[in-house]
Q: 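Handing you a structure now.
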Amino acid sequence: MFNKKNNLAVLILAAGKGTRMKSRVTKVLHELRGAPLLSYPIGLAVSLGAKEIIVVAGKNKKAIINFVSSRYEQKNIKVIEQRKLLGTADAVSSSMVRLGRGISDLLVLYGDQPLLSLKTALSLLAAHYRNRSVCTLLTAKIEDAAGYGRIIRNPEGNIIKICEDADLSFQDAGINEVNAGSCIFKKDELAKALKLIRPDNKKKEYYLTEAIGLLAEAGKNISSVYPKEQYEVLGINSRYDLMNLENILNKEAIKRLLDKGVTILSPETTFIDYNVKIGRDTLIKPFVYIGGNVSIGKNCVVGPFCHIRGGSKINDNSVVGSFAEVNRSFIGKNCRIKHFSYLGDARLGRDVNIGAGTVTANFDGKNKNITKIGDKAFIGSDSILIAPVKVGKSSVTGAGSVITKGKDIPDKAIALGVPAKIYAK
Ligand code: UD1
Ligand code: CA
């Protein structure tokens, strides 16, 4: 992806305890939109084509190794342990010794900042190489800068140092340009600066951000870029932050769909997960949850109060109404699933009517099985279809029938009763 990639290593700092999450799960394995926080910077590093990717873990090493080895096949992702959490500079030095030969630049990412986009990361790298900088920082001007390191510039506008929040002087406290936490360094220059860092600060930590002041003092070239979107710099320290980011991403997903011609009545009560596709003139009513990879066609009506998930596909002109759940299912065009029902592992043709209270019993205690329902079938209210089973085209099931496992209903037939008997139509 990036032409200097062969010299680039990405370091992801993730050793922190995440005490404020108040959880038995280490912070970077908490999920945002169904994916662990750590998968965001790792995914970014992979997309950048980094030669080496190192995740710095602490006491959470085991959990992180499990996650990385179960999720990624790339051989160039290593997890190393920072034995004592002495600060971000220490995290970087403990891992630099593990870098292979031929690495010239080091991009440092924080494991608790999942929203950094590929676009922004590429612009950070591009500025770094273009300006031949020793260090290029991502900075942002934000309203509430509390908690962040502040960027201190000289009157000419050049960065001279970063001051951490706890160490701010009264006069610098008003600065609202912050260190967004992602920065790229020339490896050898950084190694020299790291040796000079001392924990002379309120937290008694070895701050990576100290390196910036040291490099500036030595007259090195430091540049900075802004992110494409302000929210990219937001980090997660608490459950509140997690909720906040979940909300931001949900709103972004909704905005993208509105721009494509979808009507969404209540953004506050609509949750739309990643990679959801919805066609023009589809109406999403309030209190709807649409899970990852679901696709919904044009002119559909969804909700209120419904749950679509498991990568289900719903075709044009169909209705999924109140208290309906559709899971891992395919729904053809012009189907009606209007009132409380569960369709799991179902394959519906077109013009199918699903009566209120219908359930596809897809799980037999061991396996998930498929229910097939042909074009123009009419499933009566309160039918139970025990999968695997098939309902033929234009067939009807009577209200309250139980269609037992394997008892396929041919085309144009009627099934009635418990267990259902089949009659000609
Ligand atoms: C850090 C930056 C601050 C920046 C902010 C952006 C430093 C000193 N400060 O502050 O300038 O504005 O991020 O969000 O870098 N970690 C380790 N080992 C350690 C300490 C931390 O791996 O010994 C990891 C943490 O798990 C975390 C990341 O480094 O993922 C950042 O550490 P954290 O303590 O959250 O730094 P902040 O105080 O947020
Ligand atoms: Ca942080």
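Start at 1 and go down the list; that is how both ligands and their atoms are numbered. Residue numbers start at 1 and run along the sequence shown. Every value quoted in this text rests on a predicted model; they were computed, and no experiment measured them.
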Q: Measuring from the heavy atoms of Gly235, does anything fall under 4.0 Å of ligand 1?
A: no

Q: Show which atoms of ligand 1 fall inside a sub-4.0 Å distance from at least one heavy-atom site of Gln82.
A: 17 (C), 18 (N), 19 (C), 22 (O), 23 (O)

Q: Please check: side-chain N/O of Glu246 versus main-chain N/O of Leu32, any donor-acceptor pairing under 3.5 Å?
A: no

Q: Just need the protein heavy atom nearest to atom 21 (C) of ligand 1, so name the residue and atom and give the distance.
A: Thr88 CG2, 3.8 Å

Q: Pairs of nitrogen or oxygen atoms closer than 3.5 Å, one from Ala15 and one from ligand 1: do any exist?
A: yes

Q: Going by atom types alone, do Asp364 and Asn369 pair a side-chain donor with an acceptor below 3.5 Å?
A: yes

Q: List ligand 1 atoms under 4.0 Å from Gly111, heavy atoms only on the residue side.
A: 30 (O)

Q: What's the shortest distance from atom 1 (C) of ligand 1 to any protein heavy atom, and which residue and atom give it?
A: Tyr110 CE1, 3.5 Å

Q: Could you check whether any heavy atom of Thr209 sits closer than 4.0 Å to an atom of ligand 1, since that is the contact criterion I want to use?
A: yes

Q: To the closest 0.5 Å, what do you measure between CG (Leu13) and CD (Gln113)?
A: 10.0 Å

Q: For atom 36 (O) of ligand 1, is the nearest protein heavy atom closer than 4.0 Å?
A: no

Q: Are any side-chain N or O atoms of Thr397 and backbone N or O atoms of Gly380, one a donor and one an acceptor, separated by less than 3.5 Å?
A: yes

